**Q** 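Supplied in structure tokens, the structure appears directly below.
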Amino acid sequence: MADTKREIERKYESDDSGLPDLTGVAGIAAVIDKGVVSLDATYYDTADQRLAAAAITLRRRTGGSDAGWHLKLPVAPGVRDEIRAPLTDTVPPGHLGLVRSRIRDAELIPVVRLRSDRDVRDLVDAEGRVLAEASVDAVHAERLTGAGCAAQWTEIEVELADGGDPAFLDQVDKRLRGAGVRPSESPSKLARALAETAPRGSGKKRRAKQRPVKAPRTAGDHVLAYLRAQREAVLALDPAVRLDTYDSVHRMRVATRRMRSVFRSYGKVLDRAVTDPVGEELKWLAGELGVDRDHEVLTDRLTAALDELPDALVSGPVRARVRRWAKARRGGSRRRLIAVLDGPRYLALLGSLDALLDHPPLLPAASGKPSKVIAKAVRKDFGRVAALVEQAIELPPGQDRDLALHEARKKAKRARYAAEAAVAALGDPASDLARSMKTLQGLLGDHQDSVMARQALRELAAVAHAAGENTFTYGVLYGREEHRAATAETQLPGLWTPMRQATDI
């Protein structure tokens with residue numbers, strides 16, 4: 001497990017040196033001087049600063065109590081996850097893996113050196129517990145590439161103690177602003193260093209205003225904006241998947257599916273001769289991600305079902321067998337998934353997405369009005385869902401109905417993603433349809449999960465029987481899953497009829 005720390009901090013700058021008096025801020029009983037520490041950090045990035053563009057920092061730092069390699073991944077404004085590794089001469093392999101989706105095959109090189117004299121103070125409560133660390137940093141920045149420009153400044157940093165309440169930083173912020181201190185315009189020391197040491201004439205100097213992003217106007221604009229957001233989600237979730245962060249595999253899989261669905265739904269906007277091969281690779285990636293995700297869902301479902309059973313209905317080592325089954329299946333799939341993310345096929349897919357979005361294969365309809373082009377595509381997807389749901393309702397219970405409901409679920413998911421991509425263009429009608437499709441997808445998804453759970457229970461029961469174990473409990477669980485599926489089928493007509501009548505796209 002990686003050594004990860006959630007860092008919640010705020011940065012400030014002031015025309016005066018020193019830290020304003022913080023005694024009297026709610027919760028602070030004392031401000032304890034911890035002395036001055038000298039820090040020396042070298043920041044690494046690609047030559048074209050791909051990590052900086054994604055607000056990611058990778059540094060090798062000496063001095064202080066946490067010398068070593070630090071990789072900082074953005075979580076939210078002022079919040080980052082810091083992954084640490086021991087001090088070595090080269091970038092640790094684990095850190096390289098965590099930035100692979102950003103740097104691809106590019107080399108990491110030293111880009112900036114920051115030397116700081118940090119004057120540290122602990123903000124403590126009446127019981128002596130540290131609430132936050134406040135420091136005044138005198139920073140000297142030196143660019144290690146190009147002309148080798150330098151800069152220096154002083155900044156104030158307030159970092160919340162582990163497990164602290166972020167609201168405490170609001171109280172400190174109020175006092176600092178009242179003392180004339182202002183929030184820093186740069187999100188990090190590295191961002192400021194890169195701006196202030198940029199070669200003259202590069203247009204990258206600090207406080208230079210960037211051009212505002214143009215609002216989408218055409219159908220193509222809206223589709224591309226949605227696709228770019230999903231591409232960014234894949235890149236941002238890559239390190240979370242590698243770190244086994246909760247729900248990260250599921251969210252990354254959803255992002256890949258959203259892109260593939262939008263390629264198919266908006267085939268009149270983007271040329272499918274170009275997007276279909278990329279879509280097939282997205283399908284492959286979703287399948288690899290699904291090995292873990294589907295197993296997680298099944299494990300959670302079986303475990304919850306076991307927990308709901310009275311003890312009298314649990315015969316034999318059922319819980320232990322389910323745990324062993326879950327561990328064995330998950331261990332293999334995790335290893336395979338990391339190998340996929342480290343492999344050339346995945347990196348080639350990321351490159352293909354970049355190329356497609358940088359030079360989109362727009363068709364004539366892409367320049368059309370969203371109210372016509374996008375609405376037509378969404379209506380077409382919804383029509384496919386309607387046909388499949390109504391076909392399934394007419395079928396008798398059994399395998400044919402199960403398959404029809406499974407197909408309807410997949411089409412509902414596609415219609416949902418098409419509607420999500422249309423929200424910025426069509427407003428509430430698209431948002432309402434996306435919610436309706438999500439609800440329908442949930443009901444049909446529960447039905448499909450029951451189908452898969454019953455298959456897993458048959459497999460587990462066969463193994464248990466071969467081992468001479470009592471299989472009664474597997475039969476009980478199987479019967480309950482049959483009941484859950486039947487309930488979903490009974491609820492479907494009542495859910496679908498008003499849903500279809502309310503659709504207004």
Side-chain angles (χ1 to χ4, degrees), residues 230 247 249-265 279 282-302 304 377-422 430-457 481-503 505:
Q230 302 314 311
D247 205 38
V249 171
H250 170 59
R251 289 185 291 143
M252 189 174 181
R253 188 186 190 192
V254 167
T256 64
R257 285 179 160 178
R258 281 175 168 151
M259 282 188 281
R260 182 167 181 261
S261 290
V262 166
F263 285 155
R264 295 166 68 87
S265 295
L282 288 169
K283 180 180 180 181
W284 160 77
L285 178 58
E288 295 292 344
L289 292 165
V291 173
D292 247 5
R293 172 60 182 172
D294 293 343
H295 192 62
E296 285 176 3
V297 171
L298 266 180
T299 299
D300 290 346
R301 190 179 184 99
L302 294 178
V378 174
R379 284 195 298 269
K380 187 175 181 179
D381 274 351
F382 180 74
R384 292 191 179 98
V385 177
L388 285 167
V389 169
E390 288 158 13
Q391 174 193 351
I393 289 173
E394 294 300 319
L395 290 171
Q399 187 175 13
D400 288 344
R401 176 184 272 187
D402 289 346
L403 291 173
L405 290 174
H406 182 44
E407 287 302 314
R409 180 183 69 89
K410 292 192 289 187
K411 291 298 186 290
K413 191 180 299 184
R414 175 172 162 181
R416 171 189 166 190
Y417 298 153
E420 287 177 351
S431 182
D432 292 343
L433 178 59
R435 280 194 296 270
S436 294
M437 292 298 96
K438 183 177 181 180
T439 300
L440 177 63
Q441 179 188 334
L443 179 70
L444 299 179
D446 187 62
H447 182 275
Q448 179 62 17
D449 287 345
S450 175
V451 172
M452 299 305 295
R454 279 176 277 161
Q455 179 179 326
L457 287 167
E481 287 293 351
E482 280 189 320
H483 179 70
R484 289 182 68 171
T487 300
E489 293 176 27
T490 301
Q491 292 173 343
L492 179 59
L495 176 71
W496 172 249
T497 300
M499 190 177 287
R500 175 153 197 180
Q501 294 171 348
T503 299
I505 294 280

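Computation of the quantities below employed the complete heavy-atom set of this structure, encompassing side-chain atoms and omitting hydrogens, waters and symmetry-equivalent molecules. Because the structure is predicted, anything quoted here is derived from the model rather than measured.
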**Q** Side-chain contact test, heavy atoms from C-beta onward, threshold under 4.5 Å: evaluate it for H447 versus L443 and give yes or no.
**A**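 SC-SC contact between H447 and L443 ruled out.
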**Q** Hey, could you give me the CZ/NZ distance between R258 and K413, rounded to the nearest 0.5 Å?
**A**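 These two atoms lie 10.5 Å from each other.
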**Q** If you round to the nearest 0.5 Å, how far is OG of S265 from CZ of F382?
**A**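 The CZ atom of F382 sits 14.0 Å away from the OG atom of S265.
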**Q** For S261 and Y417, indicate whether the former's side chain and the latter's backbone hold a donor-acceptor pair under 3.5 Å.
**A**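 Absent.
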**Q** Kindly indicate whether the side chain of L388, heavy atoms from C-beta on, has any atom under 4.5 Å from the side chain of L405.
**A**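 No, too far: nothing below the 4.5 Å cut-off.
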**Q** As an exercise, state the distance from CZ of R384 to NZ of K380, rounded to the nearest 0.5 Å.
**A**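 It is 5.0 Å, given to the nearest 0.5 Å.
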**Q** Looking only at heavy atoms, which two atoms of A422 and V378 are closest? And how far apart?
**A**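 Scanning both residues, the minimum pair turns out to be CB-CG2, 4.0 Å.
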**Q** Hey, does D432 have a side-chain heavy atom less than 4.5 Å from the side chain of R435?
**A**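 SC-SC contact between R435 and D432 confirmed.
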**Q** Using every non-hydrogen atom in the two residues, find where M437 and A412 come nearest and quote the distance to one decimal.
**A**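 Shortest heavy-atom separation between M437 and A412 comes out as CB-O, 3.6 Å.
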**Q** Do E489 and L492 have side chains that get closer than 4.5 Å, going by heavy atoms?
**A**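 They are not in contact (no side-chain heavy atoms under 4.5 Å apart), so the answer is no.
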**Q** How close do V262 and A421 get, counting heavy atoms only, and between which atoms?
**A**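 Taking V262 first and A421 second, the nearest heavy atoms are CG2-CB, 4.2 Å.
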**Q** Hey, are the side chains of D381 and V385 touching, using non-hydrogen atoms and a 4.5 Å cut-off?
**A**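 No, their side chains stay 4.5 Å or more apart.
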**Q** Write down the atom of A404, the atom of L395, and the distance for their closest heavy-atom approach.
**A**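 Taking A404 first and L395 second, the nearest heavy atoms are CB-CD1, 3.9 Å.
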**Q** Can you find a side-chain donor-acceptor pair between T256 and R260 that sits under 3.5 Å?
**A**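 T256 vs R260: no donor-acceptor pair found between side chains.
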**Q** Please enumerate all residues that pass side-chain contact (heavy atoms from CB on, under 4.5 Å) together with A255, with sequence neighbours excluded.
**A**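 Residues passing side-chain contact (heavy atoms from CB on, under 4.5 Å) with A255: Q230, A233, V234.
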**Q** In sequence, state the C-alpha distance, the side-chain angles, and the governing distance for L298 and M452, and then conclude on side-chain contact (heavy atoms from CB on, under 4.5 Å).
**A** CA-CA 8 Å; L298 266 180; M452 299 305 295; 4.2 Å; yes
**Q** Would you compute the distance between atom CG of L289 and atom CZ of R257 and round it to the nearest 0.5 angstrom?
**A**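 Separation between the atoms: 9.5 Å.
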**Q** L440 versus M499: any side-chain heavy-atom pair under 4.5 Å?
**A**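 They are in contact (side-chain heavy atoms under 4.5 Å apart), so the answer is yes.
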**Q** Looking at residues at least two apart in the chain, or sitting in another chain, which of them share a salt bridge (Lys or Arg N to Asp or Glu O under 4.0 Å) with D402?
**A**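 Salt bridge (Lys or Arg N to Asp or Glu O under 4.0 Å) list for D402, sorted by chain: empty.
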**Q** Just to verify, which of R416, K411, R409 counts as forming a side chain to side chain donor-acceptor pair (under 3.5 Å) with Q441?
**A**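 Only match with Q441 under side chain to side chain donor-acceptor pair (under 3.5 Å): R416.
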**Q** Under 3.5 Å, side chain of R253 to main-chain N/O of A286, donor-acceptor pair present?
**A**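 Looks like yes, one N/O pair under 3.5 Å.
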**Q** Can you measure from CZ (R401) to CD (Q391) and round to the nearest 0.5 angstrom?
**A**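 R401 CZ to Q391 CD: 11.0 Å, rounded to 0.5 Å.
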**Q** To the nearest 0.5 Å, what is the distance between CG on L302 and CG on L457?
**A**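 So the CG of L302 and the CG of L457 are separated by 5.0 Å.
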**Q** Please list, chain by chain and in numerical order, all residues satisfying side-chain contact (heavy atoms from CB on, under 4.5 Å) with D446, sequence neighbours excluded.
**A**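 side-chain contact (heavy atoms from CB on, under 4.5 Å) check on D446 returns R301, R484.
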